[in-house]
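In what follows, a single structure is set out as structure tokens and then discussed.
These numbers come from the heavy atoms of this one structure, side chains and all, not from hydrogens, waters or symmetry mates. This structure is a prediction, so every number in the text was calculated from the model and none was measured.
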Amino acid sequence: MKETEQMRRFGLKRACFVGEGAISLGAAAVTAGVTMPLQLQADRELRLHGRNWRLETAGRKPGEPIQLGDNGAIHGELLDGPKGKVLGQFFGSRLAIQAVPGPHARANGGVEVHTFVLPGGTLLGMGTSLPGASVFAIVGGTGAYAGAQGSYVATQRLREQGGNGTAEFNLTLRA
């Protein structure tokens, strides 16, 4: 790998992590002052749907295959049902990996960090995205979700990977 390409990749990775922190801080500011009926005093199931699900990767044109090691930003709207009302926003960062073994190395999964911006606070999750449904850990939250733990099953259908731009999340929150 050429030195300039290595430096470019390092710069892109660094920008992705810096951007992720800015998104998380901005998300917390957007929800300040909004109340949410959910109080995490007991375990709670939460089902969210997503639309306008997009993956943006620096240096890639729309439709161009994602390569191993690419960093990207995922974003979309969170809904209360498949065609429901908008509840909030979703932001994530992604590092493309080869999650499913095969004869040719190709990016078919990702290591991801997620921010769910909801009324009353945010939820933070992380894990490995595989084709189909994937399990992620809830690693924290703010506001009404402060102290949240648990896990969720995510199914993301990114347009940039042949999907229809929708997503589903089945969260199990623990106080």
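Residues Trp53 and Leu158 share a closest heavy-atom pair of CD1-CD2, 3.5 Å. Closest approach of Ala96 and Ile66 over heavy atoms only: CB-CG2, 3.8 Å. Residues Leu123 and Leu171 come closest through the heavy atom pair CD1-CD2, 3.9 Å.
The structure places CG of Leu79 at 5.0 Å from CZ of Arg51, a figure rounded to the nearest 0.5 Å. How far CG of Leu87 is from CG of Asp80: 4.5 Å, rounded to the nearest 0.5 Å. Here Leu55 contributes atom CG and Gln156 contributes atom CD; the two are 9.0 Å apart, rounded to the nearest 0.5 Å. Expressed to the nearest 0.5 Å, how far CD1 of Ile138 lies from CG of Leu173 amounts to 4.5 Å. Rounding to the nearest 0.5 Å gives a distance of 5.5 Å between OG1 of Thr57 and CG of Asp70. To the nearest 0.5 Å, atom CG of residue Asn52 and atom CG of residue Leu78 are 11.0 Å apart.
A search for side chain to side chain contact (heavy atoms under 4.5 Å, CB included) contacts involving Lys83 returns nothing, not counting sequence neighbours. For Ala133, the side chain to side chain contact (heavy atoms under 4.5 Å, CB included) partners are Val153, Thr155, not counting sequence neighbours. Take Glu56 and apply the side chain to side chain contact (heavy atoms under 4.5 Å, CB included) test, not counting sequence neighbours, and it matches His75. For Glu168, the salt bridge (Lys or Arg N to Asp or Glu O under 4.0 Å) test picks out Arg47, Arg157, with sequence neighbours left out. By the side-chain hydrogen bond (donor to acceptor under 3.5 Å, both in side chains) test, Thr172 is found to be paired with Glu45, residues two or more places apart in sequence or in another chain being considered.
Sequence neighbours left out, the pairs with a member in residues 123-143 that pass ring pair (Phe, Tyr, Trp, His ring centres under 6.0 Å) are His114-Phe136, Phe136-Tyr152.
Using a 4.5 Å cut-off on side-chain heavy atoms (C-beta onward), Phe90 and Leu48 make no contact. Side-chain atoms of Glu77 and Gln89, non-hydrogen and from C-beta on, do get closer than 4.5 Å to each other.
Between Phe116 and Tyr145, the gap from one ring centroid to the other reaches at least 6.0 Å.
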